[in-house]
Protein chains: 2
Amino acid sequence: MSQQRTKSQTRTAIDGLKELIFSGELAAGSDHLETELAARLGMSRTPVREATLMLEGQGLLEVRPRKGVRILSLSVADMDEIYELLTELESLAARRAAAAGYAKADLKCLEDAIDNMETALSEEDREAWARADEDFHTELVRLGGNSRVISIVANFNDQVRRARSMTLYIRPLPEKSNEDHRALLDAISAGDQELAFKVHHEHRSNAREMLIALLQKHGLRHV
Amino acid sequence: MSQQRTKSQTRTAIDGLKELIFSGELAAGSDHLETELAARLGMSRTPVREATLMLEGQGLLEVRPRKGVRILSLSVADMDEIYELLTELESLAARRAAAAGYAKADLKCLEDAIDNMETALSEEDREAWARADEDFHTELVRLGGNSRVISIVANFNDQVRRARSMTLYIRPLPEKSNEDHRALLDAISAGDQELAFKVHHEHRSNAREMLIALLQKHGLRHV
DNA sequence: GCATTACATTGCGTATACATTAAATAATGC
DNA sequence: GCATTATTTAATGTATACGCAATGTAATGC
């Protein structure tokens, strides 16, 4: 995205730590001393410390003095909480997007994302599908136009990212999903606020239930 | 609340800065250098810096390299965004509280808050009313039981605190407010999820519209 | 052998020193 | 005079030093 000429060490630490967390190199539940992380990232403790404080604020880890920072793991109950929150906020965004009276051109990103999901589905390319699905949801929230909602949703998407990629290959192919996406797009196009809200709320609720059931079925108590 | 034996300097800085911001001593929109704040708080730059980074994460200020930290002011549009978000999240909490099947004893805090508001109203004690109103809303969200929602709502309440206290004496006395509160309490008691959601959503929407209109009427473009 | 206390270790919180670089100012050429 | 470039200033970003307090370990008493 936006490239600074010289990326600050703190920025590097934040990005580096997030990457290490998302990739699982820093496992959920594991503890790491500031010194260790600093050495790992090739910098002094100061920017690492700043980064961990910020990531703590974002709910990705917990700073536990003298025990190291703990990479947070999410219980099923946590996932349920987060999905409930995302359901509500995305549905709010859907309603607002419908209210905004967007022209067809404004909704092109949504269209594209849906097309990409369809292609990915037919090719059974789960990674591509997941990317397009995230695009769709991100764009939907953006169209909602509430900047606070946008950043909260982005934050919690980060938090569940690991869980998503863990379940990507054990979940059923989301065949029905795109019907919902198209229905939502139609509702937004038509400016039908309540329908947009309702369609997306149900879509998200279903996804939530599916995911929770999946986690329980596979005994994934923590992700 | 929870007292540390020795409060860390960073903690002191956070609390101190928040206090200075809420009280208006650090005015909305004003800029302050790290060194200045450090001197003011009687500590070195390090904990001040950590505090400002965390408060930036909480949306209370913005760190602008070489220009100092800027205390954020909220435009009317910002207030609108935040109130929209709070409306949705509190209404979600209301629905969940209704779903939880709380016993009468569990809802005592809500009852008390309503009583306190009534007393405060009859005595025209606006400060007391505001405290009780905040108690009510905080407790409602707590009863909702979603810890993410709880902390987000607390965060945004901090952000609008200054605006609230600014408008406290120019707004009309909230005579009707308590009817809504009681109706919500009844809905929660009765376990009527949709009613609880609806009642509170409307209550909040009204409060939002009143506040926005008030800000505009008084030409308060930034608070 | 167990509990308790003294001791050693070490990770963190904070202060401070220093390098970097954006901004402000002065100087130069036209 | 104006624009452009060189210089200075100063606030930040980062490294480092250091003391404290928490944790683990050894020593002591019973």
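In the text below, chain A, chain B and the rest are named by the order of the sequence lines, each starting its count at 1. Remember, predicted model here, so these are calculated numbers, not experimental data.
- A donor-acceptor contact under 3.5 angstrom links the side chains of A:Glu88 and A:His201, judged on distance only.
- Taking atom CZ of B:Arg66 as the reference point, atom C1' of C:dA22 lies 5 Å away to the nearest angstrom.
- Between the CG atom of A:Leu37 and the C1' atom of C:dC12 there is a distance of 14 Å, given to the nearest Å.
- Rounded to whole Å, atom P of C:dT21 lies 18 Å from atom NZ of B:Lys67.
- Between B:Phe136 and B:His181, the angle of the ring planes lies from 30° to 60°, which puts this pair in the tilted group.
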Atom pairs, protein N/O to nucleotides 13-15 of chain D N/O, distance under 3.5 Å:
| residue | atom | partner | partner atom | Å |
| --- | --- | --- | --- | --- |
| D:dG13 | OP2 | B:Arg49 | NH1 | 2.4 |
| D:dG13 | OP2 | B:Arg49 | NH2 | 3.2 |
| D:dG13 | N7 | B:Arg45 | NH2 | 2.9 |
| D:dG13 | O6 | B:Arg45 | NH1 | 3.1 |
| D:dT14 | OP1 | A:Gln9 | N | 2.1 |
| D:dT14 | OP2 | A:Thr10 | N | 3.3 |
| D:dT14 | OP2 | A:Thr10 | OG1 | 2.9 |
| D:dA15 | OP2 | A:Ser44 | N | 2.8 |
| D:dA15 | OP2 | A:Ser44 | OG | 2.4 |
| D:dA15 | O5' | A:Ser44 | OG | 3.3 |
| D:dA15 | N7 | A:Thr46 | OG1 | 2.8 |

- Query: B:Ile152 and B:Phe156: side chain to side chain contact (heavy atoms under 4.5 Å, CB included), yes or no, with the steps?
  - Reply: CA-CA 6 Å; B:Ile152 294 171; B:Phe156 283 98; 3.7 Å; yes
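- Straight-line distance from the CZ atom of A:Arg64 to the C1' atom of D:dA22: 14 Å, rounded to whole Å.
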- Could you walk me through whether A:Lys7 and A:Asp15 pass the side chain to side chain contact (heavy atoms under 4.5 Å, CB included) test, one step at a time? CA-CA 10 Å; A:Lys7 203 159 126 180; A:Asp15 295 345; 3.3 Å; yes
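- With sequence neighbours left out, A:Arg131 forms a side-chain hydrogen bond (donor to acceptor under 3.5 Å, both in side chains) with no residue at all.
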Could you pull out all donor-acceptor pairs under 3.5 Å where a side-chain atom in residues 209-223 of chain A meets a protein atom, sequence neighbours excluded?
| residue | atom | partner | partner atom | Å |
| --- | --- | --- | --- | --- |
| A:His222 | ND1 | A:Ser73 | OG | 3.3 |

